[in-house]
Structure formats: C-alpha cells, structure tokens
Amino acid sequence: MSTPERTPASLKYRIGKVKQVPTVVKDDKTGLEYIQVQSRDNENVYGVTKFLNNYREEEKLGQGTFGEVFKGIHLGTNRKVAIKRILVRAEKDLFPITAQREITILKRMNHKNIVKLIEIVHDESPTPKTDGPSPRPVGNYNNSNAANQPKLISGKHFFMILPYMVSDLTGLLHNPRVKFGMGDVKNIMLQLFEGINYIHCSKFLHRDIKTANILIDHKGIVKIADFGLARNYYGSPPNVKFPGGAGSGAKYTSVVVTRWYRAPEIVLGDRYYTTAVDIWGIGCVFAEFFEKKPILQGQTDIDQGHVIFKLMGTPSMDEWGLAYHLPGSELTKTNYKSTLKERFSPALNETGLDLLSKLLALDPYKRLTAMNAKKHDFFFEEPLPSAELTLPNEECHESDIKRYKSELNESMSQKPPSAPTGHSSTDNSIRSVTGTAFPREASIPKVPRLDPVKPAVAVPVSTSRYNASATQPMAKPAISASLLPKGPKGIKNGIPTGPNKLPPNPRDSYGSKYSTESRFGATSRITTESYNAGSRYRGRGWGTSREGTSYSNNYAVPPDRSQSSAPQRSWDSRGNPYPNKYVSQDYNNTKPSGYGQYNHSGDQREYRPDHSESSATANQRNPQPTEDNSKATHPNNKPKDVADYY
Ligand SMILES: Nc1ncnc2c1ncn2[C@@H]1O[C@H](COP(=O)(O)OP(=O)(O)OP(=O)(O)O)[C@@H](O)[C@H]1O
C-alpha cells in the first residue's frame, strides 16, 4: 500500500525550462519514499529511494566529466553496485541534462551487452550553516575515509545505481599482467558489435564509445556504459545490405565523442552524422588492443583530423567526396599516405587489417555497420573467438592506471639483463593473428618520435585521466599553416568553419556510386540480420556458455517512437538541396522503421514496409530541424522524451 505525499521542495527540479514535480509516494510497509513513475509498455520502471541506510559507498572507480563513480554495496542484499553520483546544484536547481538523458535511455535498453540501471536514489545533503560542519560526503556518512572525501557543494544528490562490473577495458589494457589472446579480442569485439547493433536498432546514437566506457563483468560479458552523450536519431535503422550508418535525418551537435575516438566526419564539422560515428569508435577500440593505448591522440580538434588522415591517408574525391564540402575541408589539401598497414601488420593478418580498415573507413557511408562487421571473415578464421573470456584475478578499472604504471616502472628498473642476441625471445613482440599473447606495454615498438608541436588548445579532459606516459600523445610535426583550414569564419570551438561559399554539389562523384536505388533498396524489402544469427558463432562455441544464449530474449521491443514525423534532411539551412547522397537517405519515405516493424519470429526479423515513417516530402522546403530546434518542430510540439531536446 502506498500513500501519495506532497512533493518536498527538495525533489523539484527542472529539465531545461520545464518544471518537474514528481509525485512522491511513501510505501507504508517499508517506509521508503519513491517517485511514482507512470509505466509504459515494455519498459522497466524505476523508483527513487533514499540513499541513506540502503547503500554504502566504497572506493572511487572513476571520475567522469559530470560526476564520480564509486564502488558500493547494497546493504540489504550485500550486492556489489556501482554508484554514479549526479549533482544537482541548489543554486541553479537544474538536474543535469546528460544525467536525465542517460537515465531515460538506459531505462529503454534491455540487452546483455548494455549496462543495466538498477535504480535512481536520492539523498539530501544538509544545507551548510555558516557556523556548522561542512556538507557530508556521499552516502556513507560513517565511512572512515570521510575526511578524505571531496567536500560537496550543498544541493540535492541523485545517484544512479548500476550493477558492479569488475573491469573496464581501459583498466584491462593498461594492466601489464593482462594478456589477451586474439580469440579474446574477437570475443570482445563480437560482444561489442552485438551491443552497439542493439543500440542502433533501438534508434539511438551512443556518441561516446571508448575503452573507458566498455565494462566487463565477472562472467566476461561486455557491457557498453555511459549514455550521457547518447540521443535518439531520425530515420530507419542501419540495414545489412549496405555499409554506412543511419540517422542522418537531422542536424546534431558536433561537440560529442571524446576527441581521440571522434569520427572524421565530426572532426570535419559534419553535423548530419550517423550511427557510423559509433563504428569509428569501435574501430579505434579494436586497434587499441594492439597498442594498449588510444591510437589517434590528436592534441587539438584540428590536429585530430591530421592524426586521422596520417593513419588512413588523405581521402581523394573518389574515396570520400563529401569531405571536400564539409566545413573542415581544408584538411583534404594535405597529402598523407595511409600508414594503417605498416602500423598494424605486426599484429593483424590481411583479414584483420581488412576489418580494421572497414571500421575506420573515412567515408561514413563506406564504414561497416555493426551487423555487417559481425559477419566479417576475421571472426570465422583461426583463432576463432574464444568461447569465454578468461579474466584476471584482479579487478581493473581506469582508476588503477596510475598504479599499473608505477608497478611497470618498478619492474623495469629491476629487470634482469636481456638475453643475448640470437636467443632473444619473441614473446614481447606483437604477434600475428595466430599468436595468443599480446605484448606488455613496455615492449610495444615505439612509433618514431617527431618534433613536438605545441597544442593550439588545451589537452582534452580525457588526457588527464591517463597516466602521462601511458598515453603520451605522439609528437607531431609542426602543422604547416597552409594546411590548416582558413575559411573566412575561422575556427569555432576548435572546428574549422571553412569557407562561406556554398559547397558545390558532389552529385557527380556520388551519384554514380550510390544511387538511391542501389544504396537503400528503394524497391527491395530490407531484411535486417537476426540477432539469432549468433547461431553461427554458437556453433563455434562463441556465446554458448553465456547468460541468455537466446539472443532474441534479450531484445525487448522498445516503444516505437519512430512514427513521429521525423525531420528529413533534404535542404540545408540556406534552402539549398543537399548532395544527392543525403537526399537518397529519404528511404524513410518508403520504409518504416523502429522495432515495431520487425517480425520477431524465428531467426529473421523482417523489415516490413507497411507504412511510411515520415512526411519528409512535405518538409522538403522547410528548414530542417536541428538538435536545437527539433523540439519546436515536433508534431506534438513537445518532446517525446528528454533526448528530443538535443
Ligand atoms: N557499473 C560499473 N561498474 C564498475 N565500474 C564502473 C561502472 N560504471 C562506471 N564505472 C567506472 O567509472 C568510470 C566512469 O564511468 P562513466 O563513464 O559512466 O562516468 P562519466 O561520468 O559519464 O564519465 P565520462 O565523463 O568520462 O564519460 C568508468 O570508466 C569505469 O571505470
């Protein structure tokens, strides 16, 4: 039995300008207070309970941009949890939009490779009195470490309670005692593709794929975490038939993705990006297994473009025509040759290199989709993906990196004399695909050092999260001023704004290759791959011993929000038609989207073009909604969920 109570002022908050007044309900039996949330079909509902006396916080696991993550224990069950603190500042009374977004999206996710949200809890930090004690630290008020805890700004605190994961990929890759075999790498990559495929098919962009956001539980199950930058996208989900992403139907913010994992289209200022931005991030993660540090460490946003082109080569008009018409197109005047092969051939064979080059394809429309990547030959040749991940006996988190570095330095200083030449072991060299051991970080061949260049802007926040020597950005040659974009508008937010003149229509370069018909199958029925296609792996042992071997069980159908008149991109803000490449994205006109369209029977989820998703043609002459104005153009004139604000 529950009795509604008046909402205490402390629980009122705002999202943007909209006041949120949750109904607080008190459970008569337990005495717990929680916020009453209206349930929707197929959706888990989480209440908000008081933190105090329910959870105990232990050590800090990670420091995020908007909060801290602690290891903790649920006192009632002794279950280990991760506690992500969200600070609501009393002065502004604003619940952070990133947290709101993360909560909203996590609630909709239901897949074994996506981290679950257990609940949201709140606490009220005491208002400091001028003569009173300082505000108390989070949760564990009796914690002996309390004195060491950072002092909190007076305000309301909300905490996301997540299942505790023993490791994250950053921690594992930096731990000198952890050695992944190629089978393990394949296992992790396949799980990652499963997770990201689910996110994309649920019509969300993650927008912050990086090793620190890839968690692994005690059973070796990979969980994608941190949905603080995620958002829904417009248009149909990616399909198996063609490479390239989905979601180019609207203009999104360019300030997304940790710089080193940022896709080239974002770096060059394309705001109509797609799910392919997440695939780029996964490509970076894949390569990171072999160097044990982020592979593309740009020191500024512009430098990031140079670093990317130095690895993949400056694209020709044929290779990525749109790059020549993006705000950062000046970068295409560079003349870098791809170094991908020579850099990664010590670790990867031809098939592996092929997968890597397709995940890191500069043109997002040539990049693999997650479901296509899973079918790449790399996963079907020896060594096969390992059936289970063998994890180290220790927990590895990003926060442990400092410790690993000092351990490594210590062991290096006590290192016995090296074996005489001729008898030297090859154990420390990067092994080919058939090898089982990865090198210790110290033994990775060093990329030749070049003259250092002073960063034009501050090093990104993420840099500070790594021990300097672990991720010391590669020294770069000084960037010739002539290579830097210098459009009349200069540089905004570190992204070159490029020339003011309208880009010429690259129809010629794209039209022949990507006709609407051939790319998006205007007349064909698009069949997406079933998650049950995992049987292909299961036959080989992959996934057999995991929880929920029936992949389809993991896919609760999220509510189909795709029936809104999703804005389509056909005309740019200046009222000019976009390159036909983008116009061809209007496959949404003839194709429905969303999970509601899938037939879940058997192994195949079929995409049934029974009705149109949007009235894009009607919108064609109207300025297209952007992340900033999409709310205003929503048919109901109100966002369907918080993510729609962005
Ligand atoms: N459920 C969990 N179990 C164990 N560790 C976790 C969990 N969630 C997060 N962490 C740890 O905390 C770190 C930061 O978490 P997360 O990325 O979710 O926070 P954030 O504030 O959004 O960070 P950022 O600003 O870097 O994106 C992770 O890298 C991981 O080490």
Side-chain angles (χ1 to χ4, degrees), residues 55 57-74 79-88 95-106 109 112-121 138 150 157-175 178 195 199 205-231 255-262 278 281 285 288 294 391-392 394-404 459-467 470-471:
Y55 292 95
E57 157 223 322
E58 294 178 345
E59 80 253 22
K60 190 165 151 180
L61 294 169
Q63 171 75 57
T65 322
F66 303 102
E68 290 163 318
V69 184
F70 295 87
K71 185 176 176 179
I73 284 190
H74 181 244
R79 183 183 174 179
K80 281 185 191 171
V81 291
I83 301 169
K84 191 165 173 174
R85 188 179 71 190
I86 306 156
L87 177 67
V88 182
F95 192 87
I97 190 70
T98 51
Q100 179 68 39
R101 201 157 31 174
E102 181 163 20
I103 292 164
T104 309
I105 296 175
L106 274 182
M109 299 279 128
K112 70 169 189 165
N113 296 123
I114 312 284
V115 75
K116 296 239 173 348
L117 177 63
I118 298 175
E119 65 172 341
I120 308 294
V121 296
V138 176
H157 300 97
F158 286 83
F159 306 88
M160 290 169 63
I161 308 292
L162 306 151
Y164 176 69
M165 302 291 142
V166 290
S167 296
D168 63 54
L169 209 47
T170 305
L172 284 169
L173 289 177
H174 281 82
N175 186 336
V178 175
I199 295 172
L205 305 165
H206 184 280
R207 304 198 298 185
D208 201 11
I209 294 293
K210 57 180 175 179
T211 48
N213 290 339
I214 297 167
L215 311 176
I216 301 188
D217 77 4
H218 60 290
K219 291 184 194 156
I221 307 292
V222 170
K223 310 272 181 187
I224 299 175
D226 194 356
F227 283 71
L229 288 175
R231 62 153 293 146
V255 195
V256 283
V257 192
T258 305
R259 184 190 298 139
W260 294 343
Y261 298 83
R262 207 174 279 166
D278 292 334
V285 168
E288 200 166 324
L391 289 167
E394 55 182 313
E395 301 180 352
C396 312
H397 292 100
E398 195 186 20
S399 51
D400 297 314
I401 293 175
K402 252 191 180 151
R403 183 163 55 82
Y404 299 144
V459 174
V461 176
S462 50
T463 314
S464 62
R465 304 173 72 189
Y466 295 89
N467 181 299
T471 57

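What you see below is based on every heavy atom in this structure, not just the backbone, and it leaves out hydrogens, waters and symmetry mates. One-based numbering, in listed order, for ligands and for the atoms of each. Note that the structure is predicted; figures quoted are calculated from it, not measured.
The shortest heavy-atom contact between Pro163 and Val115 is CD-CG2, 4.4 Å. Nearest heavy atom pair, residue Ile209 against residue Ile224, reads CD1-CG2, 4.2 Å. Leu162 approaches Lys116 most closely through the heavy-atom pair CD2-O, 3.2 Å.
Interface atoms of ligand 1 facing Leu61, defined by a heavy-atom separation under 4.0 Å, are 4 (C), 5 (N), 31 (O). Heavy-atom proximity to Asn213, at under 4.0 Å, picks out these atoms of ligand 1: 17 (O). Distances below 4.0 Å separate heavy atoms of Asp168 from the following atoms of ligand 1: 29 (O), 30 (C), 31 (O). Heavy-atom contacts of Lys210 reach the following atoms of ligand 1: 26 (O) (cutoff under 4.0 Å). Less than 4.0 angstrom separates some heavy atom of Leu162 from each of these atoms of ligand 1: 1 (N). The distance from ligand 1 to the heavy atoms of Ala212 drops below 4.0 Å at these ligand atoms: 28 (C), 29 (O). Counting the atoms of ligand 1 from 1 in the order shown, those under 4.0 Å from a heavy atom of Asp208 are 27 (O). Near Gly62, the atoms of ligand 1 lying under 4.0 angstrom from a non-hydrogen atom of the residue are 12 (O), 13 (C).
Under 4.0 angstrom from ligand 1, the non-hydrogen atoms of His397 all belong to its side chain. Within the 4.0 Å heavy-atom criterion, neither part of Val166 lies near ligand 1. Contacts of Lys84 with ligand 1, taken as heavy-atom pairs under 4.0 Å, involve the side chain alone.
The shortest N or O to N or O distance between Glu102 and ligand 1 is not under 3.5 Å. Considering backbone and side-chain atoms alike, Tyr164 places every N or O at 3.5 Å or more from each N or O of ligand 1. For a threshold of 3.5 Å applied to N or O pairs, the pair formed by Pro163 and ligand 1 contains at least one separation below that value. Residue Ala82 has no nitrogen or oxygen atom sitting less than 3.5 Å from a nitrogen or oxygen atom of ligand 1, judged on distance alone.
Using a 4.5 Å cut-off on side-chain heavy atoms (C-beta onward), Phe227 and His206 make contact. Proximity of Glu395 to Lys71: side-chain heavy atoms (C-beta onward) are separated by under 4.5 Å at one or more points. Contact check for Met165 versus Ile216: no side-chain heavy atoms found under the 4.5 Å cut-off. Arg79 is listed as a side-chain neighbour of Ile118, based on a closest heavy-atom distance under 4.5 Å. Residues Ile103 and Phe158 have side chains not in contact (no heavy-atom distance under 4.5 Å, counting atoms from C-beta outward). Between Ile114 and Ile199 there is a side-chain heavy-atom pair separated by less than 4.5 Å.
A tilted orientation is assigned to the rings of His397 and Tyr164, their planes being inclined by 30° to 60°.
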